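Okay, so here's the structure we're looking at.
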Amino acid sequence: SMGISVGVIGAGYWGKNIVRNLLSLPGHGDVWIYDQRRSVAEELSAAYPTLKVASSLEELLKNDNLQALMVVTPPSEHYSLGKKILEAGKHLYVEKPFVTSMREATELIEDAERKNLRLMSGHTFLYSPAVRKIRDLVMSGDLGKIHFFSFRRVNLGIHRSDVNVVWDLLPHDLSMLLYWLGEDEELQEGGAFMKTVYGNHPDVAFLSLSFRSGAVAEGLVSWLSPRKIRETLIVGDRKMVVYNDMELEEKIKVYDKKIEALEPKDFGEYHLSYRAGDVMSPHIDGTEPLTLMVKDFVESIREGRAPLSDGLFALRVVRGILTLLERGRFS
């Protein structure tokens, strides 16, 4: 059978990586690139001789042999490009943040459903073997009931001119928490305390989140740090997990530790004992998350099913971030 032909809009850092992964899929169809900066697209095609360069967006939209388009542009363009692509009858992938309003999110979902097209958002961490291993630990009941999360995602980063740090970085962590907690989980309450240090958008935010299940989370996202930190602590009533995405070898450590209440002694004093068991570091498959994500998008089209990070999942992330920002305070 012919492979699925896919066009990528935006040949920046992430767009280039997506093109590389599309071209490495076994039995792939044609892969197209379009970027307003023609020279950037040409440069990429020099590295990949089979890559086809489009000279305009129209050329991609009108190409009947092209089944899907992947939007890897600044967030402000996601909605308008997405509308046109679905209108043209093509399956759609949109980089995160998906869109920045509920109306835009629901509209794209409805358009895709009406035309029976796949809609996917680039929540890459759902495809990380480490993140999937944690989901298995949660779902198997191994960690017990999940009480809370604590996360840090900071880097001496590129200051984005188009979105604040919450829109840029929080989709990663929020998507992981929603994925770990399960399909019917929703962010119920939350707040953000934000500060703008440089530039014209908040570049540091302290977050608090509470979920329907009773789990709570606190986190820090920032573009201002001397070193890159991507670490999450997960506390269940049976075990605790530390997930450090910067580790090469042991990304996940499972601590068999829990607090146990002893019988109260005199005066009803509450005694707690601390049980320390083994620390286990499960083996993690080394596949690049982006490879698995691109594969899921193409296979969802071939198989006529929803991809893992579909429009409805993206909507839950958008809704969560809006909830936090609506209750946000600025310093």
Side-chain angles (χ1 to χ4, degrees), residues 1-10 14-15 18 22 25 28-34 54 56-124 126-127 163 167 171 174-175 178-179 182-187 292-323 326:
S1 69
M2 281 294 294
I4 306 274
S5 292
V6 182
V8 177
I9 301 171
W14 202 239
I18 284 179
L22 284 166
L25 283 181
H28 66 80
D30 289 339
V31 179
W32 287 78
I33 184 74
Y34 166 66
S56 69
L57 180 62
E58 287 308 305
E59 188 186 337
L60 292 177
L61 295 173
K62 291 198 167 92
N63 181 343
D64 291 337
N65 301 320
L66 198 58
Q67 287 135 299
L69 284 169
M70 301 181 77
V71 174
V72 198
T73 64
S76 55
E77 299 169 32
H78 290 179
Y79 170 72
S80 56
L81 283 171
K83 278 297 271 185
K84 285 179 186 156
I85 290 163
L86 292 171
E87 192 53 48
K90 303 197 185 303
H91 304 284
L92 172 65
Y93 165 98
V94 181
E95 197 38 68
K96 68 93 214 149
F98 181 49
V99 283
T100 50
S101 86
M102 288 296 288
R103 184 189 60 81
E104 292 175 348
T106 26
E107 219 173 282
L108 291 180
I109 290 167
E110 283 165 3
D111 288 358
E113 275 177 1
R114 195 169 54 244
K115 298 201 151 214
N116 192 23
L117 294 164
R118 306 285 77 79
L119 175 58
M120 180 175 189
S121 179
H123 290 297
T124 335
L126 271 56
Y127 296 89
V163 284
W167 277 115
L174 186 52
S175 67
L178 289 169
Y179 178 54
E183 276 64 39
D184 48 359
E185 193 52 271
E186 252 337 307
L187 182 73
L292 297 171
M293 183 169 77
V294 167
K295 191 162 167 272
D296 189 35
F297 179 54
V298 172
E299 284 180 355
S300 74
I301 294 168
R302 190 179 291 127
E303 296 164 13
R305 59 163 176 86
L308 178 61
S309 62
D310 64 356
L312 291 171
F313 183 84
L315 178 77
R316 287 162 65 202
V317 175
V318 169
R319 187 188 292 130
I321 291 178
L322 287 168
T323 299
E326 274 159 17

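For the numbers below, each heavy atom of this structure counts, side chains included, while hydrogens, waters and symmetry mates do not. Bear in mind that the values here come from a model prediction, so they are computed numbers and not experimental data.
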Please enumerate all residues that pass side chain to side chain donor-acceptor pair (under 3.5 Å) together with [X], with sequence neighbours excluded.
{"X": "Tyr179", "answer": "none"}
{"X": "Glu185", "answer": "Ser213"}
{"X": "Asn116", "answer": "Arg118"}
{"X": "Asp111", "answer": "Lys83, Arg114"}

Contacts of type salt bridge (charged side-chain N to carboxylate O under 4.0 Å, His left out), residue [X], not counting sequence neighbours:
{"X": "Lys90", "result": "none"}
{"X": "Lys84", "result": "none"}
{"X": "Arg305", "result": "Asp296, Glu303"}

Leu22 CG to Lys295 NZ distance, which is reported to the nearest 0.5 Å: 13.5 Å
Side chain to side chain contact (heavy atoms under 4.5 Å, CB included) partners for [X], two or more places apart:
{"X": "Thr73", "value": "Ile9, Val71, Glu77, His78, Leu81"}
{"X": "Ser101", "value": "Arg103, Glu104"}
{"X": "Ile321", "value": "Val166, Trp167, Leu170, Pro171, Leu174, Val317, Leu325"}

Mind checking whether [X] and [Y] have side chains closer than 4.5 Å, heavy atoms only?
{"X": "Leu117", "Y": "Leu92", "value": "no"}
{"X": "Leu315", "Y": "Met102", "value": "yes"}
{"X": "Val6", "Y": "Trp32", "value": "no"}
{"X": "Val72", "Y": "Val8", "value": "yes"}
{"X": "Val99", "Y": "Glu107", "value": "no"}
{"X": "Leu86", "Y": "Leu108", "value": "yes"}
{"X": "Met120", "Y": "His91", "value": "no"}

Where [X] and [Y] come nearest, the two heavy atoms and their spacing:
{"X": "Ser121", "Y": "Phe98", "value": "OG-CB, 3.7 Å"}
{"X": "Gly122", "Y": "Tyr93", "value": "CA-OH, 3.2 Å"}
{"X": "Ile301", "Y": "Ile4", "value": "CG2-CD1, 3.7 Å"}
{"X": "Leu119", "Y": "Ala112", "value": "CB-CB, 3.9 Å"}
{"X": "Tyr127", "Y": "Leu308", "value": "OH-CB, 3.2 Å"}
{"X": "Trp14", "Y": "Thr124", "value": "CZ2-OG1, 3.6 Å"}

Criterion side-chain contact (heavy atoms from CB on, under 4.5 Å) on Leu69 and Leu61, from CA distance to verdict: CA-CA 9 Å; Leu69 284 169; Leu61 295 173; 3.9 Å; yes
Atom CD of Glu87: over 12 foreign heavy atoms under 6.0 Å: no
Side chain Ser5, main chain Leu66, donor-acceptor under 3.5 Å: no
Where at least one partner belongs to residues 299-321, residue pairs that pass ring-ring contact (aromatic ring centres under 6.0 Å, His included), sequence neighbours excluded: His123-Phe313
Steps toward side-chain contact (heavy atoms from CB on, under 4.5 Å) verdict (Glu95, Met70): CA-CA 8 Å; Glu95 197 38 68; Met70 301 181 77; over 6 Å; no
Within residues 57-71 or reaching into it, pairs that qualify as salt bridge (Lys or Arg N to Asp or Glu O under 4.0 Å) - sequence neighbours excluded: Glu58-Lys62
